[in-house]
Number of protein chains: 2
Amino acid sequence: MDRSVRKTPPGQFRSNLRVISSDHCTHHSACENCSVRHVAMCNALNEEEVNLLNEISNDFNRDTKQILCAEGDPAEHLYNIRAGTVRLSKMLPDGRRQITGFLFPGDFFGLACKDIYSYTAEAVTPVETCRFPRKKITEKFRELPNLGERVFDMTTTELQSAHDQMLLLGRKTAREKLCSFLLYMAEKTAALGGHPENHAYLPMSRSDVADYLGLTVETVSRQFTKLAQSGLIRLEGAHHVILLDREAIHDLAEGE
Amino acid sequence: MDRSVRKTPPGQFRSNLRVISSDHCTHHSACENCSVRHVAMCNALNEEEVNLLNEISNDFNRDTKQILCAEGDPAEHLYNIRAGTVRLSKMLPDGRRQITGFLFPGDFFGLACKDIYSYTAEAVTPVETCRFPRKKITEKFRELPNLGERVFDMTTTELQSAHDQMLLLGRKTAREKLCSFLLYMAEKTAALGGHPENHAYLPMSRSDVADYLGLTVETVSRQFTKLAQSGLIRLEGAHHVILLDREAIHDLAEGE
DNA sequence: CGCTTATTTGAGAGAAGTCAAGTACGGTGG
DNA sequence: CCACCGTACTTGACTTCTCTCAAATAAGCG
């Protein structure tokens with residue numbers, strides 16, 4: 001039973017602390033009022049308020065496979081992802097890993113903890129973030145209640161996603177898990193733009209997907225193959241998936 | 001593969017929206033400043049503020065097996081549990097159920113959603129709650145920033161517990177899951193008082209425990225039996241467990 | 001006390017895991 | 001630009017943990 005530590009992380013359904021709500025500002029580039037730096041919170045703030053945030057933030061970039069913050073470290077910063085993909089994970093003493101979420105541009109992390117981080121954040125691709133000292137940003141919540149409310153909403157959304165992921169982990173079969181994941185990633189891919197319709201771009205490794213879905217690499221790989229053989233998806237390399245029958249994939253994801 | 005709907009819910013690790021922080025006021029009865037009604041938020045508020053809350057809240061009690069709110073219902077209230085045990089659950093179309101949390105006196109629910117509840121809340125035991133119209137309570141957050149911050153902290157703690165539960169669901173074995181659950185329930189039992197040391201009181205059915213841990217009733221029952229045979233626990237009826245070797249149980253829970 | 005529901009136990013089946021190879025991809029250097 | 005190397009991914013054969021189906025026992029309720 002030596003499920004040793006896997007080097008390449010996972011795939012995760014829930015969108016941790018996603019900032020861009022669906023109601024407006026889906027594409028940052030199209031949102032005149034958004035600071036490029038703070039794509040996550042722009043909707044709730046005016047220009048002056050954004051400048052206030054700029055004062056206490058600084059850039060923080062990492063390359064693929066590098067660690068942004070580690071489980072057990074003092075939780076000093078709140079991170080806002082501007083570019084790239086991040087994975088959050090937790091480990092058991094023997095190295096078994098669970099990826100609790102993948103994060104994309106606009107997402108946040110670093111709040112759901114008290115004094116020390118309860119998870120590790122690593123760069124799946126090269127990542128650009130800006131980060132705020134937690135102490136200072138929480139002070140700002142008092143001055144800028146809009147900001148505080150926005151962050152609260154994000155946390156609440158995140159919690160809901162976490163519950164969905166629990167249902168997936170506890171009750172879905174391997175096939176259902178992978179179908180759910182593909183739909184999730186297709187949504188993400190569409191939201192971030194730059195890919196054709198019904199395309200899912202998977203920046204993470206199979207091992208990351210496995211650790212996100214509570215499966216092994218081999219099982220994930222086999223399920224990919226089966227879905228392709230059934231004609232539901234087409235694989236264009238390991239990281240690009242075309243969803244050929246979204247309807248059917250959706251039904252499989254819910255076990256219907 | 002007909003995992004039909006189970007009638008009695010589950011067991012859950014994470015303490016959803018637990019209100020009573022460990023730093024103070026562990027026993028409501030011992031906390032002079034606490035309103036009995038609002039045991040959850042008392043720590044952050046003075047008497048006048050508690051009265052403000054009383055104005056917009058009303059009692060809401062249910063018997064065992066009754067539903068407090070259902071997945072899909074319009075999310076109109078925020079609930080604060082005063083007595084009893086509640087389970088939160090989500091279901092797949094074919095009836096497979098995942099319990100995302102058990103709630104105890106002092107816990108909250110009803111926030112982690114936008115317009116409609118994303119889970120069902122049911123009474124595991126007779127339950128007394130008081131509930132607030134969400135609309136009104138969120139207004140109060142502006143007037144009483146202490147209250148808002150407290151609720152935010154609770155949500156954040158809840159999210160962290162959700163991540164722990166994902167690790168359990170995705171990566172732990174049946175034995176590890178049950179050991180983790182027993183430790184969790186022992187903590188709860190101690191915090192709520194009225195039971196001897198190293199005692200875990202489990203108000204929920206085996207089927208609830210199973211749906212909380214992502215297992216079947218049979219597997220849960222077998223693991224209970226095995227732990228008892230190993231001399232790690234003693235079962236006094238199905239709902240009372242004595243932890244005979246907490247140390248060992250803890251190690252098993254983490255797979256060490 | 002009898003009936004219903006919950007829990008335990010047993011035997012067998014199956015989905016996912018483990019171990020082991022083979023294949024393909026991506027990056028580097030000649 | 002292409003060959004080589006290491007890593008990632010896929011595939012195969014076999015094992016095992018948990019689930020399923022079935023029945024017996026125990027507990028709770030009227």
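When the P atom of D:dC19 is taken as reference, atom NZ of A:K172 falls 18 Å away, rounded to whole Å. Atom CE of B:M204 and atom P of C:dT5 are 22 Å apart (whole Å). In this structure, the CG atom of B:L168 is 12 Å from the P atom of D:dT18, given to the nearest Å. The distance from atom NZ of A:K177 to atom C1' of C:dA15 is 11 Å, rounded to the nearest whole Å. Atom CD in B:E218 sits roughly 11 Å away from atom P in C:dT8 (whole-Å rounding). Distance, B:L202 CG to C:dT8 C1': 16 Å, rounded to whole Å. One interatomic measurement links the two molecules: CG of A:L213 to C1' of C:dA16, which rounds to 13 Å at whole-angstrom precision. D:dA27 atom P lies 11 Å from atom CZ of B:R206, rounded to whole Å.
A heavy-atom distance below 4.5 Å is found between the side chains of B:L182 and B:L227.
Legend: residues meeting side-chain contact (heavy atoms from CB on, under 4.5 Å) with A:E256, ordered by chain and number and at least two apart, are A:D251, A:E254, B:P93. Listed by chain and number, the residues in a side-chain hydrogen bond (donor to acceptor under 3.5 Å, both in side chains) with B:S118 amount to none (sequence neighbours excluded). For the ring-ring contact (aromatic ring centres under 6.0 Å, His included) test, residues two or more places apart in sequence or in another chain that qualify with B:Y201 are B:H195, B:H240. Legend: residues meeting side-chain contact (heavy atoms from CB on, under 4.5 Å) with B:E247, ordered by chain and number and at least two apart, are B:D245. For B:T120, there are no side-chain hydrogen bond (donor to acceptor under 3.5 Å, both in side chains) partners, not counting sequence neighbours. In this structure, the side-chain contact (heavy atoms from CB on, under 4.5 Å) partners of B:R222, at least two apart in sequence or on a different chain, are B:E218. The side-chain contact (heavy atoms from CB on, under 4.5 Å) test applied to A:A121 returns A:L68, A:C69, A:V86, A:L88, A:F109, not counting sequence neighbours.
Less than 4.0 Å separates DNA chain D from at least one heavy atom of each of the following residues of residues 222-231 of chain A: A:R222, A:T225.
In this structure, B:H239 does not reach the D:dG28 phosphate: none of its side-chain N or O atoms is under 4.0 Å from OP1 or OP2. Taking 4.0 angstrom as the limit, A:K65 places none of its side-chain polar atoms (N or O) nearer than this to OP1 or OP2 of D:dT7. Using a 4.0 Å cut-off, some side-chain N or O of A:T219 falls inside it from OP1 or OP2 of C:dG17.
An end-to-end axis angle of 50° holds for the helix from C:dC1-D:dG30 to C:dG30-D:dC1, taken from five base pairs per end and rounded to 10°.
Rounding to the nearest 0.5 Å gives a distance of 4.5 Å between CG of A:L78 and CG of A:L111.
Closest approach to the B:S221 side chain among D:dC19, C:dT8, C:dT18 is made by C:dT8 (side chain taken as heavy atoms from C-beta onward). Listed nucleotides: D:dT20, D:dT10, C:dG17. Nearest to the side chain of A:L215: C:dG17.
Each of A:R175 and B:L235 lies near DNA chain C, and the nucleotide nearest B:L235 is the one positioned closer to the 5' end.
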